[in-house]
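Just follow the structure's listing: the first ligand is 1, and inside any ligand the first atom is 1.
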Amino acid sequence: MILLDSVCKTYPGDEKPALDEVSLHIEPNEFVFLVGKSGAGKSTLMKMITKEEAPDSGKIIIGGIDLDYVKKRHIPGYRRRLGVVFQDFKLLPRRTVYENVAFALEIAGMSGKEIRKTVPKVLELVDLLDQAKKFPDQLSGGQQQRVSIARSVARQPKILIADEPTANLDKLTTEEIIGLLKKINDFGTTILVTTHNENIVNNLQKRVVTMKDGRIVNDQKNGGIYKLDETPQLKLKRTMQAPGHALKPRPRMIQ
Ligand code: ADP
């Protein structure tokens, strides 16, 4: 569903590559966390998928589309096939919750009739049907993020990518948003999320891909835990004692 093969990217003026021979294969319906310190290359990897940046070399195939062959004028259309969620929500301030979602469908060319049918369903999914007439500044951060998620899943994308979707949210709201992403994943959408939130990664026990200095240094396929390096033994042991991990020792990792 998401395939990067030996992708390299160095930004003009930089000495070190932001991505250094990155290969990653994400299957349909996977839920993947992408973690790593600031500057590790996570956003650049996301930008490769959205084609906001082009690689210097390597192959990128997303949902069967080889991005080498997506011409500039077709990039907006390509992006509309993806669901993209941002940490700062990017809602239209002068439009209501309903209109924010409807507008995204309008741009995608959906008919008025279809839009009137789809928007309530999507708002129900994110539990915001009763807030449909409000404007973004009348909502909490978590509600705004739910509108943003509603907008990106309204077109039923096969892939949803989210760059730090909970960075501006408190703990409870973060859990709510991650729960919602999990629900969307359960409906069959492939999800790739970057985060610095150790708790949500450790609680969800999904695949965890770790980046460092532009490279993928760790790829835990199932029950992954948050670790930024080839972590020292002590720290890993402590993480394993967190609730939910005590029963799942991972001897391979603490050798
Ligand atoms: P992360 O998302 O993990 O914080 P980034 O992908 O933003 O990492 O950055 C990876 C590297 O690329 C960093 O060294 C950063 O300074 C560099 N970089 C990111 N964006 C740009 C840019 N637009 N111009 C030049 N260098 C950039």
Q.
Just so I know, are the side chains of Asp66 and Lys59 near enough to count as touching, which here means a heavy-atom distance under 4.5 Å?
A.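 Yes, side chains in contact.
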
Q. Is the shortest N/O to N/O distance between Ala18 and ligand 1 below 3.5 Å?
A.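 No, no N or O pair falls under 3.5 Å.
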
**Q.** Derivation and outcome, side chain to side chain donor-acceptor pair (under 3.5 Å), residues Thr173 and Glu176
**A.** CA-CA 5 Å; Thr173 316; Glu176 204 181 282; 5.3 Å; no

Q: Run the numbers for me: atoms of ligand 1, each under 4.0 Å from some heavy atom of Ala40, listed by number.
A: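 Per the distance check, 1 (P), 3 (O), 8 (O).
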
Q) Is there a heavy atom in Gly36 that sits closer than 4.0 Å to ligand 1? A)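 False for this residue.
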
**Q.** Side-chain donor-acceptor contact under 3.5 Å, Asn29 with Thr190
**A.**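 Per modelled atom types, Asn29 and Thr190 side chains form no pair under 3.5 Å.
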
Q.
I'd like to know if the side chain of Gln87 reaches the main chain of Ala167, judged simply by a donor and an acceptor atom lying under 3.5 Å from each other, with no hydrogens or angles considered.
A.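 Answer holds: no.
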
Q) To the nearest 0.1 Å, how far is atom 7 (O) of ligand 1 from its closest protein heavy atom, and which atom is that? A)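 Ranked first by proximity to atom 7 (O) of ligand 1 is Ser43 CB, 3.8 Å.
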
Q | Which residue and heavy atom of the protein sit nearest atom 8 (O) of ligand 1, plus the separation | A |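 Of every protein heavy atom, Gly41 N, 3.1 Å lies nearest to atom 8 (O) of ligand 1.
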
Q. Roughly how far apart are Lys171 NZ and Asn199 CG, rounded to 0.5 Å?
A.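 Answer for the NZ-CG pair, Lys171 versus Asn199, is 6.0 Å.
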
(Q) Please work out, at 4.0 Å between heavy atoms, whether the side chain, the backbone, both, or neither of Lys37 comes within that distance of ligand 1. (A)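 Lys37 to ligand 1: backbone contact only, side chain stays beyond 4.0 Å.
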
Q.
If I take atom CD1 from residue Ile107 and atom CZ from residue Arg80, how far apart are they, to the nearest 0.5 angstrom?
A.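 Separation between the atoms: 7.0 Å.
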
Q) Counting from 1, what ligand 1 atoms have a heavy atom of Ser38 closer than 4.0 Å? A)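 Counting atoms of ligand 1 from 1, those under 4.0 Å from Ser38 are 4 (O).
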
Q) Tell me, which protein residue and heavy-atom name are nearest atom 6 (O) of ligand 1, and how many Å apart are they? A)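 Nearest neighbour among protein heavy atoms for atom 6 (O) of ligand 1, to 0.1 Å: Thr44 OG1, 2.5 Å.
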
Q. Side chain of Arg146, backbone of Asp127: donor and acceptor closer than 3.5 Å?
A.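 Looks like yes, one N/O pair under 3.5 Å.
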
Q: Taking atom types as modelled, find out whether Ser111 and Glu114 have a side-chain donor-acceptor pair closer than 3.5 angstrom.
A: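 Looking only at side-chain atoms, Glu114 and Ser111 do not form any donor-acceptor pair under 3.5 Å.
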
Q: Return the residue, atom name and 0.1 Å-rounded distance of the protein heavy atom closest to atom 1 (P) of ligand 1.
A: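 Atom 1 (P) of ligand 1 sits closest to the protein heavy atom Gly39 N, 3.4 Å.
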
**Q.** Under 4.0 Å to a heavy atom of Lys42 - the qualifying atoms of ligand 1, by number
**A.**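 Heavy-atom distances to Lys42 below 4.0 Å select 1 (P), 2 (O), 3 (O), 4 (O), 6 (O), 8 (O).
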
(Q) Looking only at the side chains, is there a donor atom on one of Thr210 and Tyr226 sitting less than 3.5 Å from an acceptor on the other? (A)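 There is no such pair between these side chains.
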
Q) Looking only at protein heavy atoms, which one is nearest to atom 27 (C) of ligand 1, and how far off is it? A)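 The closest heavy atom on the protein side is Tyr11 CD1, 3.1 Å.
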
**Q.** Identity of the nearest option to atom 17 (C) of ligand 1, non-hydrogen atoms only, from Thr10, Leu34, Asp14
**A.**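 Checking each option, the heavy atom nearest atom 17 (C) of ligand 1 is found in Asp14.
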
Q.
Less than 4.0 Å from atom 15 (C) of ligand 1, is there any heavy atom belonging to the protein?
A.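 So far as the 4.0 Å threshold goes, atom 15 (C) of ligand 1 is out of reach of every protein heavy atom.
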
Q) Does an N or O anywhere in Glu53 fall below 3.5 Å from an N or O of ligand 1? A)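 No, no N or O pair falls under 3.5 Å.
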
